[in-house]
4 protein chains.
Amino acid sequence: MWLDVDPRSSTPIYQQIVDQIKEAVARKVLQPGDKLPSVRELSAMITINPNTIAKAYQQLEREGVLEVLRGRGTFIAERIVHVNREERLRQIRETMEKLLIEAHYLQLTTDDLMELFKEVIRQWKQGKEER
Amino acid sequence: MWLDVDPRSSTPIYQQIVDQIKEAVARKVLQPGDKLPSVRELSAMITINPNTIAKAYQQLEREGVLEVLRGRGTFIAERIVHVNREERLRQIRETMEKLLIEAHYLQLTTDDLMELFKEVIRQWKQGKEER
Amino acid sequence: MWLDVDPRSSTPIYQQIVDQIKEAVARKVLQPGDKLPSVRELSAMITINPNTIAKAYQQLEREGVLEVLRGRGTFIAERIVHVNREERLRQIRETMEKLLIEAHYLQLTTDDLMELFKEVIRQWKQGKEER
Amino acid sequence: MWLDVDPRSSTPIYQQIVDQIKEAVARKVLQPGDKLPSVRELSAMITINPNTIAKAYQQLEREGVLEVLRGRGTFIAERIVHVNREERLRQIRETMEKLLIEAHYLQLTTDDLMELFKEVIRQWKQGKEER
DNA sequence: GTGGTCTAGACCACT
DNA sequence: GTGGTCTAGACCACC
């Protein structure tokens, strides 16, 4: 698995796993119905304690990203369910404001920032086409 | 002071203070040369442990947002210095990617996201004009 | 068979089967003396592991819902026997208390809850009349 | 603390803790703003591993029952926030249907059940008045 | 085989 | 002092 976990990072390991799996789904690297490695397998693959993997999987399940088929394994959920849509939209706006603040300290104009965003989107789309 | 700290939040209190002061500077609510309350004063004003305030001031000083004039007090820095420009640009791009991932789960297109960003920028600019 | 089993659910599959058969009996969809499909048949019909079906049937037999006539098959019991009547009554009361607790967090009054219960009963009765 | 945990029960210990705290809040035994024992304290009081306590507290925080004031402790939340109201209402109705099914096997009529419910409510209210 | 739970004991960030 | 994270290793229910 392409998971790249850094135990030295300040973001918790379980959170890194959560983020990377969500990214893989958004990038279509993981498709609905795909089976994930079992907790023990993944634990062995990336040499992280099984409990930590389990914690990541549980959070992903709570968020509706994964589905657990009892006794059979863990899979990417077939349908996206969005809980707390309003709250999450609010957070997106907040993150965008943070970007504007940070831009000020780098002396970037809002136009610079928009250009940068467009470029990031371009790269993102390209990354998805390539597979 | 208009600092609005929420002890219930999951972001550390010292971080909230850092963020809000940086926001105030970006919004021109605080101007270069403005004097900040002393650690003790601010501690009393918002009833937060002085150690926490001190930690926030230290971080802001490290980031070049504040200047400490020994014996005179703490002031908003006259000039923006950018430490770690490259690293901070990288983080901005990373944050933008996070936005794209989150958008996927809310079933927003990249165009939706761009529109949202433009709107946030519009509001941001308006907020600054009003003073 | 109308059994509708969801492998994603957190309630065990064998338990779902038990619940649905008990519901069918209570709703008179299944009548005393009705023959149930064999473990193998049902296993094939709903593509569930035979062990799981067997486990459900065993539990239903223990509860007195089913009767196994050796060599003839499995049938809905002719008479209701109540095992552990007291214990089961206690559990009903406990479930009702759980409802009161949950209602508190949804800011429903006990009257709201009573009204809701009446409505559920109405629908339940209607469902039975319709066949 | 009046917590009564049974390690032999089939419901997980952390879940028992969650249920009992939610019940205490609903019964007004715990009031908004009340401080809960720290993870370590409660761990010592009921001789349960701190991790298990922490798991219960975290779930309660996710549900909005508790609030964590960083470095200061854990408190009963000041305001009830109800997430997933619709889903939880649906579950209440489902639980009520389960009661109707169970009643069938105990040969209780729907009127019997209503009477029982009224009685449980009466006791519930009385329990609250007494303090 | 799968994931869920629990214990014991350690380290760290925050206040 | 507080809670959050992680490891190591165990047991159990379910399929």
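Note on naming: letters A, B, ... go to the chains in the order of the sequence lines (proteins, then strands), and numbering restarts at 1 for each one.
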Writing each nucleotide of DNA chain E 5' to 3' as (, ), [, ], | or . by Watson-Crick or G-U pairing under 3.5 Å yields ||||||||||||||.
D/Leu69 CG to F/dG3 P, in whole Å, measures 10 Å
D/Arg40 CZ to E/dC12 P, in whole Å, measures 14 Å
Side-chain contact check for D/Val68: nearest option of E/dC6, F/dC14, F/dG3 is F/dG3
| said: Does a side-chain N or O of A/Lys55 approach OP1 or OP2 of F/dT5 to a distance below 4.0 Å, or not? | reply: yes
- Query: Is the backbone N or O of B/Leu60 less than 3.5 Å from a side-chain atom of B/Glu63, with the two atoms forming a donor-acceptor pair by type?
  - Reply: no
Walking DNA chain F from its 5' end, the first of D/Glu61 and C/Ile13 to be reached, judged by nearest nucleotide, is D/Glu61
Side-chain atoms of D/Glu41 come closest, of F/dT7, F/dT2, E/dG3, to F/dT2
C/Asn49 atom CG is separated from F/dC14 atom P, nearest whole Å, by 14 Å
A/Tyr57 side chain vs A/Leu36 backbone, donor-acceptor pair below 3.5 Å: no
Margin query: Under 3.5 Å, is there a donor on one side chain and an acceptor on the other for C/Gln20 and C/Gln16?
Written below: no
Picking from F/dC15, F/dG4, E/dG4, the nucleotide nearest the side-chain atoms of C/Thr52 would be F/dC15
- Item | Expected output: side-chain B/Glu67 to main-chain B/Gly64 donor-acceptor under 3.5 Å | no
Of F/dC15, F/dT2, E/dT7, the nucleotide closest to the side chain of A/Arg70 is F/dC15
Picking from F/dG3, E/dC6, E/dG3, the nucleotide nearest the side-chain atoms of D/Tyr14 would be E/dC6
Separation of F/dT2 atom P from D/Ile53 atom CD1, nearest Å, is 13 Å
Would you say the side chain of A/Arg72 and the base of E/dG1 hold a donor-acceptor pair, judged only by whether the two atoms sit under 3.5 Å apart?
no
Q) Is any side-chain nitrogen or oxygen of A/Ser38 closer than 4.0 Å to OP1 or OP2 of E/dT2? A) yes
A/Asn51 atom CG is separated from E/dT5 atom C1', nearest whole Å, by 9 Å
Q. Okay, side chain of A/Arg85, backbone of B/Leu106: is any donor-acceptor separation there less than 3.5 Å?
A. yes
task = Using modelled atom types only, decide if a donor and an acceptor are shared between the side chain of C/Glu61 and the backbone of C/Gln58 within a distance under 3.5 Å.
result = no
Atom CD1 of B/Ile48 and atom P of E/dT15 are separated, to the nearest Å, by 8 Å
Whichever of A/Thr47 and A/Gly71 has the more 5' nearest nucleotide on DNA chain F, that residue is A/Thr47
Atom CZ of A/Phe75 and atom C1' of F/dC15 are separated, to the nearest Å, by 12 Å
Test item: C/Arg8 side-chain N/O and A/Val68 main-chain N/O as donor-acceptor pair under 3.5 Å | no
When you check the phosphate oxygens OP1 and OP2 of E/dG3, does a side-chain N or O of A/Thr74 lie under 4.0 Å from one of them? yes
Taken to the nearest whole Å, CD/D/Gln58 to C1'/F/dC6 is 13 Å
| message | Treating A/Thr52 as the side-chain partner and A/Ile48 as the backbone partner, does any N or O pair qualify as donor plus acceptor under 3.5 Å? | response | no
